[in-house]
Number of protein chains: 2
Amino acid sequence: MPSPNIVPPARFSAQARLRALQSDIMDLILDRELEAGDALPTENELCIALGVGRNTLRESLKVLQALGVIEIRHGFGMFVAPSNFEALADGLIFRARLSLRHHGLEALQLVDVRQALESGLIGSSMDLITAEQLAGIEESVVRMEELAAAGESFVDADSDFHSRLFEPLNNELLLNLLGVFWKVYRKIHTEIGAGAEDLAAVAALHRNVYAAVAAGDKARAARELTRHFDGIRRRISDAVTE
Amino acid sequence: MPSPNIVPPARFSAQARLRALQSDIMDLILDRELEAGDALPTENELCIALGVGRNTLRESLKVLQALGVIEIRHGFGMFVAPSNFEALADGLIFRARLSLRHHGLEALQLVDVRQALESGLIGSSMDLITAEQLAGIEESVVRMEELAAAGESFVDADSDFHSRLFEPLNNELLLNLLGVFWKVYRKIHTEIGAGAEDLAAVAALHRNVYAAVAAGDKARAARELTRHFDGIRRRISDAVTE
DNA sequence: CCGTAGCGGATGTCCCATGTCCCCTGAGCG
DNA sequence: CGCTCAGGGGACATGGGACATCCGCTACGG
């Protein structure tokens with residue numbers, strides 16, 4: 001190597017170096033007090049600033065993009081991204097699909113976690129819910145019932161329902177997490193065959209939840225949610241054991 | 001180009017292509033029925049199989065590594081990885097640190113989610129807990145008390161405590177998630193200045209939780225956990241508003 | 001005044017060369 | 001016969017360069 005570069009000595013595992021590089025980039029963002037939406041330096045500037053080659057840098061950059069830390073716009077630049085959990089979803093979907101080949105363990109665990117979150121937080125959410133938000137929830141239920149009557153699947157309406165249920169908490173992290181779980185479940189759902197389910201029954205379960213929320217009965221709401229999840233769990237078990 | 005390659009026409013956004021490539025790799029793993037620990041084809045083979053250049057492929061590979069889907073061992077090969085949420089932690093840590101510059105909103109949301117999980121699942125965990133596991137929990141408490149008496153911080157013992165609390169559930173996803181939250185909190189903790197906290201008081205809170213668990217009093221255990229989280233929340237708020 | 005073609009800059013993709021690391025193997029030794 | 005360790009070969013890591021592609025901006029022309 002022509003230049004007396006300082007890289008060679010401190011050689012840890014490659015993985016550690018990559019992580020260190022990612023950390024350096026994140027630290028650089030924090031040091032420069034960049035906010036969501038602000039532009040990062042160009043790739044070349046970062047190469048120089050961090051003392052690594054473009055390929056190496058780009059690998060880290062792509063990871064940060066996947067992690068939802070930065071957003072890369074082809075031909076324009078790189079920016080600090082708003083929250084984004086897409087990547088987590090992809091990882092979990094993979095895990096879940098892998099586990100479905102055996103006993104569906106991870107898929108069931110995911111339902112458990114989701115149940116704990118939803119059943120555990122429905123009470124707090126009900127404390128803060130507004131009439132408007134309540135109306136939005138009922139709208140989702142109505143849409144589900146209409147689609148069920150027409151014999152069509154209603155994944156979007158179902159997703160909306162759960163999002164709106166916890167909108168009052170104003171907790172973006174929670175909504176993101178639930179969104180991820182939802183996305184994973186949706187994928188699993190199509191994988192294990194969606195045909196067998198009873199659309200009308202699912203819609204009815206959701207209406208029960210809505211009724212409990214509207215009545216302000218926290219315990220019942222949590223109970224109805226639990227029943228809903230029991231159904232999901234059973235469907236996964238059936239699909240795996242068959 | 002000599003070969004009538006099919007790549008050029010279908011040109012979507014770069015981001016979409018990268019995601020598609022990641023999906024292709026994951027599908028390839030699933031198609032070949034690879035299990036955790038199995039080796040993937042070499043980089044060159046994947047280049048050919050997927051029809052992309054090595055750098056492009058490597059960017060996707062690094063993302064999958066960060067997502068915990070694969071494990072890359074320098075000089076040996078690539079393997080399907082066991083569950084791993086390190087990446088998520090890094091992303092969340094970044095978000096949390098970014099938010100601490102403002103109102104610490106994301107950090108507080110994270111505590112809310114963690115509280116919902118722990119308070120919501122402590123009951124189920126207590127249903128399954130064995131005497132052995134209970135002893136392990138007490139051991140963690142004792143260690144915390146000893147360290148507190150010595151005036152030393154006890155992050156590891158604290159982490160152990162919470163892990164063991166939910167070990168009986170045998171839910172790896174949950175333990176991973178809690179581990180992530182813990183890691184983020186730990187980072188935040190050092191960032192907002194750890195000195196101000198009352199070690200003995202924190203240790204005492206943990207002993208209260210243990211006592212409730214040992215007594216089999218689910219409601220009290222959930223209540224004590226909630227008190228613990230209230231303390232964390234207050235500490236974050238104090239650090240931000242100062 | 002407005003639409004559009006062209007320009008500059010930034011990212012996307014790819015190849016090649018070389019460095020580095022790890023597992024495996026087999027020769028040598030006790 | 002079994003163990004140790006040096007070497008080989010395969011695979012990943014890193015860096016640099018070239019070219020393609022895309023985006024936003026601007027200046028030209030109607």
Side-chain angles (χ1 to χ4, degrees), chain A residues 1-25 28 34 37-66 69-81, chain B residues 1-25 28 34 37-66 69-81:
Chain A
M1 191 178 290
S3 80
N5 216 319
I6 320 90
V7 184
R11 263 305 199 297
F12 301 92
S13 84
Q15 193 159 338
R17 292 192 59 190
L18 188 68
R19 288 178 66 84
L21 187 52
Q22 289 165 30
S23 267
D24 287 346
I25 298 170
L28 184 141
L34 299 179
D38 289 352
L40 270 71
T42 68
E43 288 184 351
N44 277 319
E45 285 174 306
L46 282 177
C47 286
I48 298 168
L50 300 175
V52 297
R54 198 161 93 102
N55 280 332
T56 309
L57 175 72
R58 274 179 65 76
E59 282 171 8
S60 285
L61 251 17
K62 289 292 178 174
V63 170
L64 291 181
Q65 180 192 33
V69 171
I70 65 174
E71 184 185 337
I72 302 179
R73 290 165 65 181
H74 186 174
F76 192 42
M78 300 180 294
F79 305 83
V80 180
Chain B
M1 192 177 288
S3 80
N5 215 317
I6 322 90
V7 184
R11 266 290 188 321
F12 300 92
S13 86
Q15 194 159 337
R17 292 191 62 189
L18 189 69
R19 289 179 67 83
L21 187 52
Q22 290 165 30
S23 267
D24 286 346
I25 298 170
L28 183 143
L34 299 179
D38 290 352
L40 270 69
T42 69
E43 288 183 350
N44 277 320
E45 286 174 304
L46 283 177
C47 286
I48 297 168
L50 301 175
V52 298
R54 206 168 90 97
N55 275 333
T56 308
L57 175 72
R58 274 179 64 75
E59 282 168 8
S60 285
L61 251 17
K62 290 290 178 164
V63 169
L64 291 181
Q65 180 192 31
V69 171
I70 65 173
E71 185 184 337
I72 301 179
R73 292 164 67 178
H74 185 171
F76 190 44
M78 300 180 294
F79 305 83
V80 180

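Residue numbers start from 1 in every chain, and the chains themselves are labelled A, B, ... in the order their sequence lines are given, proteins ahead of strands.
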Colleague: Let me confirm one number: the OG1-CG distance from B:Thr56 to B:Leu50, rounded to the nearest 0.5 Å.
Modeller: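 Between B:Thr56 OG1 and B:Leu50 CG, I get 11.0 Å after rounding to 0.5 Å.
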
Colleague: Roughly how far, to the nearest 0.5 Å, is the CG atom of A:Leu61 from the CG atom of A:Leu46?
Modeller: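 So the CG of A:Leu46 and the CG of A:Leu61 are separated by 6.5 Å.
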
Colleague: Nearest 0.5 Å please: distance from the CD1 atom of B:Ile25 over to the CG atom of B:Leu21.
Modeller: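 Rounded to the nearest 0.5 Å, the CD1-CG separation comes out at 4.5 Å.
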
Colleague: For the pair made of CG in A:Leu18 and P in D:dC12, what is the distance, rounded to whole Å?
Modeller: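 Taking atom P of D:dC12 as the reference, CG of A:Leu18 is at 15 Å.
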
Colleague: Whole angstroms only, please: what is the CD-P distance between A:Glu71 and C:dA10?
Modeller: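 From A:Glu71 CD to C:dA10 P: 18 Å.
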
Colleague: In chain order, what residues pass the side chain to side chain donor-acceptor pair (under 3.5 Å) check against B:Asn55, with sequence neighbours excluded?
Modeller: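 Checked B:Asn55 against side chain to side chain donor-acceptor pair (under 3.5 Å); matches are A:Asn55.
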
Colleague: In whole angstrom, give the distance that lies between atom CG of B:Asn44 and atom P of C:dC16.
Modeller: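 Value for this atom pair: 11 Å.
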
Colleague: Return the set of residues passing side chain to side chain contact (heavy atoms under 4.5 Å, CB included) with A:Gln65 (not counting sequence neighbours), or none when no residue passes.
Modeller: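 Testing A:Gln65 for side chain to side chain contact (heavy atoms under 4.5 Å, CB included), a comparison that skips the adjacent residues, returns A:Lys62, A:Ile70, A:Ile72, B:Gln15, B:Leu18.
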
Colleague: Please list all pairs passing the salt bridge (Lys or Arg N to Asp or Glu O under 4.0 Å) test where one or both residues lie in residues 42-53 of chain A, with sequence neighbours left out.
Modeller: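 Qualifying pairs, neighbours excluded: A:Glu43-A:Arg54, A:Glu43-A:Arg58.
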
Colleague: Quick check: do A:Pro41 and A:Leu28 have side-chain heavy atoms less than 4.5 Å from each other?
Modeller: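 When only atoms from C-beta onward are counted, A:Leu28 and A:Pro41 do touch, with a gap below 4.5 Å.
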
Colleague: To the nearest angstrom, how far is A:Glu43 atom CD from D:dC22 atom P?
Modeller: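 That distance rounds to 16 Å.
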
Colleague: Between CG of A:Asp24 and CG of A:Leu57, what distance do you get to the nearest 0.5 Å?
Modeller: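 With rounding to 0.5 Å, CG (A:Asp24) is 10.5 Å from CG (A:Leu57).
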
Colleague: Which parts of residues 72-79 of chain B get close to DNA chain C, meaning a heavy atom less than 4.0 angstrom away?
Modeller: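 Correct list: B:Arg73, B:His74, B:Gly75, B:Phe76.
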
Colleague: With the threshold set at under 4.0 Å for non-hydrogen atoms, list the residues of residues 54-65 of chain B touching DNA chain D in residue-number order.
Modeller: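 Here the set is B:Arg54, B:Asn55, B:Arg58, B:Lys62.
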
Colleague: Measure from CG on A:Leu40 to C1' on C:dA10 and round the result to the nearest Å.
Modeller: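 For the pair A:Leu40 CG and C:dA10 C1', the rounded distance is 13 Å.
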
